[in-house]
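Notes to accompany the following structure.
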Amino acid sequence: MKIIGIVLLILGIIGLAIFGIQALNDSESFNVLGMDVAVSKANWTPVIVSAVVLVVGIVLAMAKPKRT
(Lines give C-alpha, C1' and ligand atoms only; values in the text may rest on other atoms or scores of the structure.)
Protein backbone atom coordinates (compact mmCIF):
# COMPACT_ATOMS: atom_id res chain seq x y z
CA MET A 1 0.00 0.00 0.00
CA LYS A 2 2.87 2.36 0.70
CA ILE A 3 4.20 2.07 -2.85
CA ILE A 4 0.74 2.78 -4.30
CA GLY A 5 0.48 5.79 -2.00
CA ILE A 6 3.83 7.16 -3.15
CA VAL A 7 2.87 6.69 -6.81
CA LEU A 8 -0.46 8.47 -6.25
CA LEU A 9 1.34 11.22 -4.36
CA ILE A 10 3.72 11.83 -7.27
CA LEU A 11 0.91 11.72 -9.84
CA GLY A 12 -1.13 14.17 -7.77
CA ILE A 13 1.74 16.64 -7.55
CA ILE A 14 2.40 16.42 -11.29
CA GLY A 15 -1.31 16.78 -12.09
CA LEU A 16 -1.70 19.80 -9.83
CA ALA A 17 1.31 21.47 -11.40
CA ILE A 18 0.27 20.86 -15.00
CA PHE A 19 -3.48 21.46 -14.69
CA GLY A 20 -3.05 24.31 -12.21
CA ILE A 21 -0.77 26.27 -14.52
CA GLN A 22 -3.06 25.54 -17.45
CA ALA A 23 -6.11 26.75 -15.48
CA LEU A 24 -4.36 29.94 -14.38
CA ASN A 25 -3.26 30.73 -17.93
CA ASP A 26 -6.75 30.14 -19.34
CA SER A 27 -8.25 33.49 -18.35
CA GLU A 28 -9.23 36.68 -20.09
CA SER A 29 -8.92 40.18 -18.74
CA PHE A 30 -10.67 43.40 -19.69
CA ASN A 31 -11.00 46.94 -18.40
CA VAL A 32 -14.13 48.17 -16.66
CA LEU A 33 -14.14 51.77 -15.43
CA GLY A 34 -10.33 51.81 -15.38
CA MET A 35 -10.04 48.53 -13.42
CA ASP A 36 -8.57 45.36 -14.88
CA VAL A 37 -11.01 42.46 -14.41
CA ALA A 38 -9.94 38.85 -15.04
CA VAL A 39 -12.45 36.15 -15.91
CA SER A 40 -11.42 32.52 -15.76
CA LYS A 41 -12.75 30.14 -18.42
CA ALA A 42 -10.79 27.19 -17.06
CA ASN A 43 -12.17 23.76 -16.34
CA TRP A 44 -11.29 23.19 -12.68
CA THR A 45 -12.30 19.50 -12.62
CA PRO A 46 -8.79 18.12 -13.41
CA VAL A 47 -7.30 20.32 -10.69
CA ILE A 48 -9.82 19.02 -8.13
CA VAL A 49 -9.25 15.40 -9.19
CA SER A 50 -5.47 15.87 -8.94
CA ALA A 51 -5.87 17.31 -5.43
CA VAL A 52 -8.00 14.31 -4.37
CA VAL A 53 -5.40 11.90 -5.80
CA LEU A 54 -2.70 13.79 -3.90
CA VAL A 55 -4.62 13.53 -0.60
CA VAL A 56 -5.33 9.81 -1.11
CA GLY A 57 -1.64 9.28 -1.90
CA ILE A 58 -0.63 11.04 1.32
CA VAL A 59 -3.06 8.96 3.37
CA LEU A 60 -1.89 5.69 1.82
CA ALA A 61 1.79 6.60 2.13
CA MET A 62 1.44 7.53 5.79
CA ALA A 63 -0.77 4.57 6.73
CA LYS A 64 0.76 1.99 9.00
CA PRO A 65 0.38 -1.65 7.99
CA LYS A 66 -2.19 -3.62 9.94
CA ARG A 67 -0.89 -6.46 12.04
CA THR A 68 -3.03 -9.57 12.08
Side-chain angles (χ1 to χ4, degrees):
M1 282 302 223
K2 193 167 189 159
I3 295 173
I4 294 172
I6 293 171
V7 170
L8 289 176
L9 180 79
I10 293 169
L11 289 176
I13 291 171
I14 293 171
L16 274 177
I18 292 172
F19 293 123
I21 291 170
Q22 182 182 9
L24 290 176
N25 288 335
D26 195 17
S27 64
E28 293 182 4
S29 62
F30 56 92
N31 287 328
V32 174
L33 301 174
M35 294 178 13
D36 193 32
V37 178
V39 178
S40 177
K41 300 185 315 179
N43 183 8
W44 290 96
T45 306
V47 177
I48 295 170
V49 170
S50 296
V52 170
V53 168
L54 176 66
V55 170
V56 169
I58 291 171
V59 169
L60 288 177
M62 300 301 280
K64 295 181 181 177
K66 294 181 180 180
R67 293 185 182 177
T68 55

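Heads up: numbering here begins at 1 and tracks the sequence. Just so you know, these numbers use all the heavy atoms, side chains as well, and skip hydrogens, waters and symmetry mates.
F19 and W44 end up in the same hydrophobic cluster when Ile, Leu, Val, Met, Phe, Trp and Tyr side chains are linked at under 4.5 Å. Hydrophobic clustering (ILVMFWY, side-chain heavy atoms < 4.5 Å, transitive): I10 and I18 are in one cluster. Under a hydrophobic-cluster definition in which Ile, Leu, Val, Met, Phe, Trp and Tyr are linked whenever side-chain heavy atoms come within less than 4.5 Å, directly or via other members, I13 and L16 are assigned to the same cluster.
Applying the salt bridge (charged side-chain N to carboxylate O under 4.0 Å, His left out) definition to pairs two or more places apart or across chains, none involves residues 11-20. Judged as a salt bridge (charged side-chain N to carboxylate O under 4.0 Å, His left out), the pairs with a partner in residues 10-39 (not counting sequence neighbours) are, in order, E28-K41. Contacts classified as salt bridge (charged side-chain N to carboxylate O under 4.0 Å, His left out) and involving residues 8-21 (residues at least two apart or in different chains) are not found. Listed by first and then second residue, the salt bridge (charged side-chain N to carboxylate O under 4.0 Å, His left out) pairs that reach into residues 43-56 come to none, sequence neighbours excluded.
If you take CG on N43 and CD on Q22, they are separated by 9.0 Å, rounding to the nearest 0.5 Å. Once rounded to the nearest 0.5 Å, the distance linking CD1 of I6 with CG of L11 reads 12.0 Å.
Its side chain within the 4.5 Å cluster rule, V39 clusters with F30, V32, L33, V37 among the Ile, Leu, Val, Met, Phe, Trp and Tyr residues.
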Run the side-chain donor-acceptor check on residues 52-64: report pairs under 3.5 Å with partners two or more places apart or on a different chain.
none

